[in-house]
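Chain letters run A, B, ... following the sequence lines, proteins first and then strands; every chain starts at 1. Note that the structure is predicted; figures quoted are calculated from it, not measured.
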Protein chains: 2
Amino acid sequence: MEKVETGRTRKKRNTRQKAVVYQVVLDSNDHPTAEKVYERARRELPNISLGTVYRVLKELSQEGKIKEIIVNKQSHFEGRTDFHHHFICRACGKIEDVETPLCRYTCKKVEQKGYVVEDIEYKFYGLCSKCAQKLGKE
Amino acid sequence: MEKVETGRTRKKRNTRQKAVVYQVVLDSNDHPTAEKVYERARRELPNISLGTVYRVLKELSQEGKIKEIIVNKQSHFEGRTDFHHHFICRACGKIEDVETPLCRYTCKKVEQKGYVVEDIEYKFYGLCSKCAQKLGKE
DNA sequence: TATTAAATAATAACTGTTCCTTTTAAAAAA
DNA sequence: TTTTTTAAAAGGAACAGTTATTATTTAATA
Ligand SMILES: [Mn+2]
Ligand SMILES: [Mn+2]
Ligand SMILES: [Zn+2]
Ligand SMILES: [Zn+2]
């Protein structure tokens, strides 16, 4: 590998912070906020800063290694990166995965307008089974 | 009409501010933010305050007279209250209505889990036809 | 091991929104 | 009509989540 120095020799460092934040997201299945990730990362790395958590989360999202979903104007993160959607309980706030097939008919309709669809996001709001039961019998 | 004074005699005032904010939303078809509504309302009512705009918008939403949609962690408002969805252009930021039939199959899947679905929100992200053309030929 | 710049910790700044206090004015009462 | 009552408004401070700044640390290279 020559080092002819044509242009930049990009350096990307592998830091403990990045590894830990990534692992925390992979280990979480509850779509944690940045704050929650921070809290969990600190158990491993007590001096990590919130700013670093935010920066690393953004970076990982851009690299496509994690996914960001926004609920109530707050970012939440998850390690699942395949196509799926979410149900949000208005009572307990829980965010749960929903498996739905991509609705071809719906997409077609959008594309017919000349739009280029790059991402699709379905959100279902209501009561999760637990909360529905609880509220049902009160 | 007796005034036996059993319980409260609820008073709801009809203010110029509320009427103007509502009219502005009805007259807009671009899903304006609170700030934009404020800007437009001020043309009619120069002393209206941003706080009032926020409060009235929330009130109207709760009354079901307008709808709030959240894009990029910001509230946007619209006078259309029937079931429809949105396309958001990543280039120009425009939010456009998308007519899609309620996907029964998808809802069934969610309800099978015991969830009570109260609201459904589909968002499509990408390039609107104008931006797609513009970016395509560069 | 010394060098070097990417990434970090700490903290200030920012932004959309909500909250608080005083004032105003819509509508009920006189 | 005029007075009284009090819901709603104005103005501004506070707040929360996030981003930007900067001096310091540290991973990677030689
Ligand atoms: Mn998920
Ligand atoms: Mn719409
Ligand atoms: Zn629940
Ligand atoms: Zn566009």
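- Within the structure, a side-chain polar atom (N or O) of A:Y54 is placed less than 4.0 Å from OP1 or OP2 of D:dT18.
- For the pair B:N72 CG and D:dT18 P, the interatomic distance rounds to 13 Å; values are reported in whole Å.
- Distance B:K73 NZ to C:dC14 P: 19 Å, rounded to the nearest Å.
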Between side-chain atoms of residues 53-60 of chain A and protein atoms elsewhere (two or more places apart, or another chain), which donor-acceptor pairs fall under 3.5 Å?
| from | atom 1 | to | atom 2 | distance (Å) |
| --- | --- | --- | --- | --- |
| A:R55 | NH2 | A:T52 | OG1 | 3.2 |
| A:E59 | OE2 | A:K12 | NZ | 3.4 |
| A:E59 | OE2 | A:K18 | NZ | 2.6 |

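- Figure legend: A:K113 and B:F87 shown without cation-pi pairing, the cationic atom not lying both under 6.0 angstrom from the six-membered ring centre and within 45 degrees of its axis.
- Between A:S75 and D:dT18 there is a side-chain N or O to OP1 or OP2 distance below 4.0 Å.
- Taking only side-chain nitrogens and oxygens, A:S49 never comes nearer than 4.0 Å to OP1 or OP2 of C:dA10.
- Residue side chain A:R55 does not reach the base of D:dT19 through any donor-acceptor N/O pair under 3.5 Å, judged by distance alone.
- The separation between A:I48 atom CD1 and D:dT25 atom P is 17 Å, rounded to whole Å.
- For the pair B:R16 CZ and C:dT24 P, the interatomic distance rounds to 18 Å; values are reported in whole Å.
- The residues A:E78 and A:R80 are annotated as not salt-bridged, no charged nitrogen and carboxylate oxygen being separated by less than 4.0 angstrom.
- Distances were taken from every side-chain heavy atom of B:A34 (C-beta onward) to each of C:dA5, C:dT17, C:dA7; the shortest belongs to C:dT17.
- Residue B:T15 places none of its side-chain N or O atoms closer than 4.0 Å to OP1 or OP2 of C:dA26.
- Counting to the nearest Å, the P atom of C:dT24 and the CG atom of B:L45 are 16 Å from each other.
- The only member of B:Y122, B:F124, B:Y125 that meets ring-ring contact (aromatic ring centres under 6.0 Å, His included) when paired with B:H85 is B:Y122.
- At whole-Å resolution of the value, CG in A:N14 and P in D:dT25 are 22 Å apart.
- DNA chain D is contacted by both B:V53 and A:Q74; B:V53 maps to the nucleotide lying nearer its 5′ end (nearest heavy atom per residue).
- The nearest whole Å value for the distance from the CG atom in B:L50 to the C1' atom in D:dC15 is 15 Å.
- Closest to the A:K11 side chain, of the nucleotides C:dA6, C:dT18, C:dA9, is C:dA6.
- Under the side-chain contact (heavy atoms from CB on, under 4.5 Å) rule, A:I88 has a single partner from A:V71, A:V98, A:I69, which is A:V71.
- Rounded to an integer number of Å, the gap from NZ of A:K18 to C1' of D:dT26 is 16 Å.
- Distances shown here put every side-chain N or O of B:Q17 at or beyond 4.0 Å from the OP1 or OP2 atom of C:dT24.
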